[in-house]
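Data first, discussion second: the structure below is written as structure tokens.
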Amino acid sequence: MTGARPTEIRVSEIFGPTIQGEGVLIGLPTVFVRTGGCDYRCSWCDSLHAVESRFRDEWRAMSTEEVWREVTRLSGGKPLMVSLSGGNPAIQPFGELIGCGHGQGYRFALETQGSVARDWFADLDVLVLSPKPPSSGMETDWEAFDACLRASEGKPQTVLKIVVFDEADYDYARSAAARYRHLPVYLQPGNHTPPPADAHDAPIDIDRIMARMRWLVDRVAEDRWFEARVLPQLHVLIWGNRRGV
Ligand SMILES: C[S@@+](CC[C@H](N)C(=O)[O-])C[C@H]1O[C@@H](n2cnc3c(N)ncnc32)[C@H](O)[C@@H]1O
Ligand SMILES: Nc1nc2[nH]cc(C(=O)O)c2c(=O)[nH]1
Ligand code: SF4
Ligand SMILES: [Mg+2]
């Protein structure tokens with residue numbers, strides 16, 4: 001990678017169209033822009049090739065124009081939802097890209113853990129905030145999380161998406177939901193067999209992920225938590241741990 005200038009976006013991969021496999025936009029055709037670099041290091045991260053700095057050489061510092069050209073090439077010039085993910089895409093300067101895409105009818109969804117706030121959050125169409133539960137080994141800075149909500153100015157459609165592996169994660173999800181009663185909550189079972197950082201595909205234990213999914217549905221039903229939505233990672237059901245889908 002060359003050193004990124006302030007207006008350059010550090011990209012791990014751009015791929016699609018595929019379908020959004022998670023949360024509120026599940027099933028919707030989308031192109032992914034996955035950025036390189038993250039301020040977290042979750043124990044079960046399924047995208048370590050976009051997190052660990054030893055992969056820096058595979059990341060490219062791209063201008064907004066270069067990213068935009070690739071997005072329009074992949075979508076055949078037809079407007080669609082662009083998903084900004086990572087790593088933590090909030091670290092990157094996406095304001096220009098969003099402005100440029102909006103001018104042509106594209107829409108933008110951001111996936112972030114809520115640790116870094118940017119003023120361009122207010123220009124998004126969808127903001128997916130995914131605070132990390134105890135099993136991740138990360139600690140949530142709720143002040144930083146609140147700053148993300150303030151930065152969005154209530155403009156994008158905003159949701160919580162929380163990965164759940166166990167009872168402690170479930171309790172965490174319940175408290176997060178109680179803290180942000182106005183936000184819809186999406187729960188997704190954790191994949192305990194995420195791909196190693198250097199793999200483009202890897203074995204996956206779908207049976208136990210589905211057992212976790214059944215446990216999660218039972219848990220929500222038992223608690224009469226009728227506002228929660230429980231969804232699997234659809235792309236994982238379709239393609240397992242394959243990268244770039
Ligand atoms: C790879 S992250 C990138 C965006 C951002 N850093 C974040 O965590 O929100 C995208 C989504 O995948 C989820 N995810 C990562 N590893 C997972 C796993 N092993 N099982 C289930 N979901 C996972 C994250 O919680 C997040 O919601
Ligand atoms: N199809 C598909 N859906 C996804 N939703 C969130 C993803 C991500 O890694 O951020 C992802 C991904 O990598 N692929
Ligand atoms: S915050 Fe997201 S990208 Fe970063 S390590 Fe955690 S799951 Fe992976
Ligand atoms: Mg993923």
Side-chain angles (χ1 to χ4, degrees), residues 10-52 74 80-92 94 109-116 118 121 126-138 140 144-145 148 158-166 169 172-173 176 185-197 199-202 204-206 208-210 212-213 216 230-245:
R10 203 161 56 174
V11 174
S12 162
E13 54 188 353
I14 303 180
F15 61 90
T18 178
I19 49 169
Q20 171 55 256
E22 303 176 11
V24 60
L25 299 177
I26 195 164
L28 188 71
T30 186
V31 163
F32 276 87
V33 177
R34 189 186 302 287
T35 61
C38 190
D39 46 319
Y40 276 22
R41 203 329 191 158
C42 302
S43 60
W44 36 250
C45 178
D46 62 10
S47 304
L48 287 174
H49 60 291
V51 171
E52 294 191 347
L74 290 170
L80 87 174
M81 181 68 72
V82 180
S83 298
L84 309 175
S85 187
N88 187 359
I91 294 169
Q92 307 298 324
F94 272 121
L110 180 77
E111 308 247 348
T112 185
Q113 62 265 39
S115 56
V116 175
R118 292 290 183 219
F121 283 10
V126 182
L127 174 60
V128 178
L129 291 170
S130 185
K132 296 297 174 267
S135 64
S136 69
M138 298 294 113
T140 307
F145 199 86
C148 291
T158 303
V159 301
L160 295 177
K161 182 175 71 180
I162 305 177
V163 173
V164 178
F165 275 86
D166 54 27
D169 289 356
Y172 172 94
V185 181
Y186 290 80
L187 305 176
Q188 78 186 22
N191 171 8
H192 58 286
T193 50
H200 285 256
D201 204 351
I204 191 165
D205 183 2
I206 288 289
R208 266 185 65 203
I209 297 171
M210 284 301 104
R212 185 169 296 119
M213 175 87 193
L216 191 50
V230 186
L231 287 176
Q233 290 179 288
L234 184 54
H235 55 112
V236 165
L237 291 183
I238 301 172
W239 295 291
N241 277 327
R242 213 159 99 194
R243 194 189 288 184
V245 288

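Since the structure is predicted, the reported quantities are computational estimates derived from the model, not experimental observations. Below, all heavy atoms of this structure are taken into account, side chains as well, without hydrogens, waters or symmetry copies. Indexing begins at 1, ligand by ligand and atom by atom, following the structure's order.
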* To do: Decide yes or no for Asp39 and Gln113: does some side-chain heavy atom of the first lie under 4.5 Å from some side-chain heavy atom of the second?
  => yes

* To do: With heavy atoms only and a cut-off of under 4.0 Å, state how His192 meets ligand 1: side chain, backbone, both or neither.
  => neither

* Regarding Thr140 and Tyr172, is there a side-chain donor-to-acceptor distance under 3.5 Å anywhere? -> yes

* Heavy atom of the protein closest to atom 26 (C) of ligand 1 (residue, atom name, distance) -> Ser130 OG, 3.7 Å

* Asked: Nearest to atom 11 (C) of ligand 1, what protein heavy atom do you find, and at what distance?
  -> Glu22 OE1, 3.7 Å

* Heavy-atom check, side chain of Arg243 versus side chain of Pro195, under 4.5 Å -> no

* Are any non-hydrogen side-chain atoms of Arg242 and His235 less than 4.5 angstrom apart? -> no

* Asked: Do Cys148 and Thr112 have side-chain heavy atoms sitting under 4.5 Å apart?
  -> no

* Do me a favour and list the nearest non-hydrogen protein atom to atom 7 (C) of ligand 1 with residue, atom name and distance? => Lys132 NZ, 3.5 Å

* Asked: Do any N or O atoms from the side chain of Thr193 and from the backbone of Asp205 form a donor-acceptor pair under 3.5 angstrom?
  -> yes

* **4.0 Å heavy-atom contact, Gly87 with ligand 1** => yes

* Sub-4.0 Å atoms of ligand 1 with respect to non-hydrogen atoms of Val163 -> 21 (C), 22 (N), 23 (C), 25 (O)

* Asked: Does a side-chain heavy-atom distance below 4.5 Å link Val230 with Met213?
  -> yes

* To do: Within a distance under 4.0 Å of any heavy atom of Gln233, pick out the atoms of ligand 1 and give their elements.
  => 20 (N), 21 (C), 22 (N), 23 (C)

Using a cut-off of under 3.5 Å, which N/O atoms of ligand 2 pair up with protein N/O atoms, and what distance separates each pair?
unit_1: ligand 2; atom_1: 1 (N); unit_2: Ile19; atom_2: O; d: 2.7
unit_1: ligand 2; atom_1: 1 (N); unit_2: Val245; atom_2: O; d: 3.4
unit_1: ligand 2; atom_1: 3 (N); unit_2: Gly21; atom_2: N; d: 3.0
unit_1: ligand 2; atom_1: 5 (N); unit_2: Gln20; atom_2: OE1; d: 2.6
unit_1: ligand 2; atom_1: 9 (O); unit_2: Arg34; atom_2: NH1; d: 3.0
unit_1: ligand 2; atom_1: 9 (O); unit_2: Arg34; atom_2: NH2; d: 3.1
unit_1: ligand 2; atom_1: 10 (O); unit_2: Ser85; atom_2: OG; d: 2.5
unit_1: ligand 2; atom_1: 13 (O); unit_2: Arg34; atom_2: NH2; d: 2.8
unit_1: ligand 2; atom_1: 14 (N); unit_2: Val245; atom_2: O; d: 2.8

* To do: Check Asn191 against ligand 1 and report side chain, backbone, both or neither, counting heavy atoms closer than 4.0 Å.
  => both

* Per-atom contacts, ligand 1 versus Gly190 - under 4.0 Å to a heavy atom -> 20 (N), 21 (C)

* Part of Val128 within contact of ligand 1 (heavy atoms, under 4.0 Å) -> neither

* Near Ser47, which atoms of ligand 1 are under 4.0 Å from a heavy atom of that residue? -> 1 (C)

* Taking it one step at a time, do Ser135 and Asp169 satisfy side chain to side chain donor-acceptor pair (under 3.5 Å)? -> CA-CA 7 Å; Ser135 64; Asp169 289 356; 2.6 Å; yes

* To do: Please lay out, stage by stage, how Ser115 and Asn88 fare under the test side chain to side chain contact (heavy atoms under 4.5 Å, CB included).
  => CA-CA 9 Å; Ser115 56; Asn88 187 359; 3.3 Å; yes

* Got Asp46 and Gln233 here, is their nearest side-chain heavy-atom distance under 4.5 Å? -> yes

* His49 and Glu13, any side-chain heavy atoms less than 4.5 Å apart -> yes

* **Test item: Met138 and Pro131 side chains (from C-beta on) under 4.5 Å apart, heavy atoms** => no

* Which heavy atom of the protein is the closest neighbour of atom 19 (N) of ligand 1, given with residue, atom name and distance? -> Trp44 O, 2.7 Å

* Please name the pair of heavy atoms, one in Ala109 and one in Leu25, separated by the smallest distance, quoted to 0.1 Å. => CB-CD1, 3.8 Å

* Structure fact -> heavy-atom search around atom 15 (C) of ligand 1 in the protein gives Asp46 OD1, 3.3 Å

* To do: Under 4.0 Å from a heavy atom of Cys45: give me the atoms of ligand 1 that qualify, with their elements.
  => 16 (N)

* Structure fact -> Counting from 1 in the order shown, the ligand 1 atoms closer than 4.0 Å to a non-hydrogen atom of Lys161 are 27 (O)

* Structure fact -> Scanning both residues in full, the closest heavy-atom pair of Met81 with Thr30 reads O-OG1, 2.6 Å

* Structure fact -> The atoms of ligand 1 lying under 4.0 Å from a heavy atom of Gly86, numbered in the order shown, are 1 (C), 3 (C)

* To do: Among all protein heavy atoms, pick the one closest to atom 5 (C) of ligand 1 and tell me residue, atom and distance.
  => Gln113 OE1, 3.4 Å

* Any idea which protein heavy atom is nearest atom 22 (N) of ligand 1, and the distance to it? -> Gln188 NE2, 3.0 Å

* Residue pair Arg34 / Phe15: nearest heavy atoms and the distance that separates them -> NH2-CZ, 3.9 Å

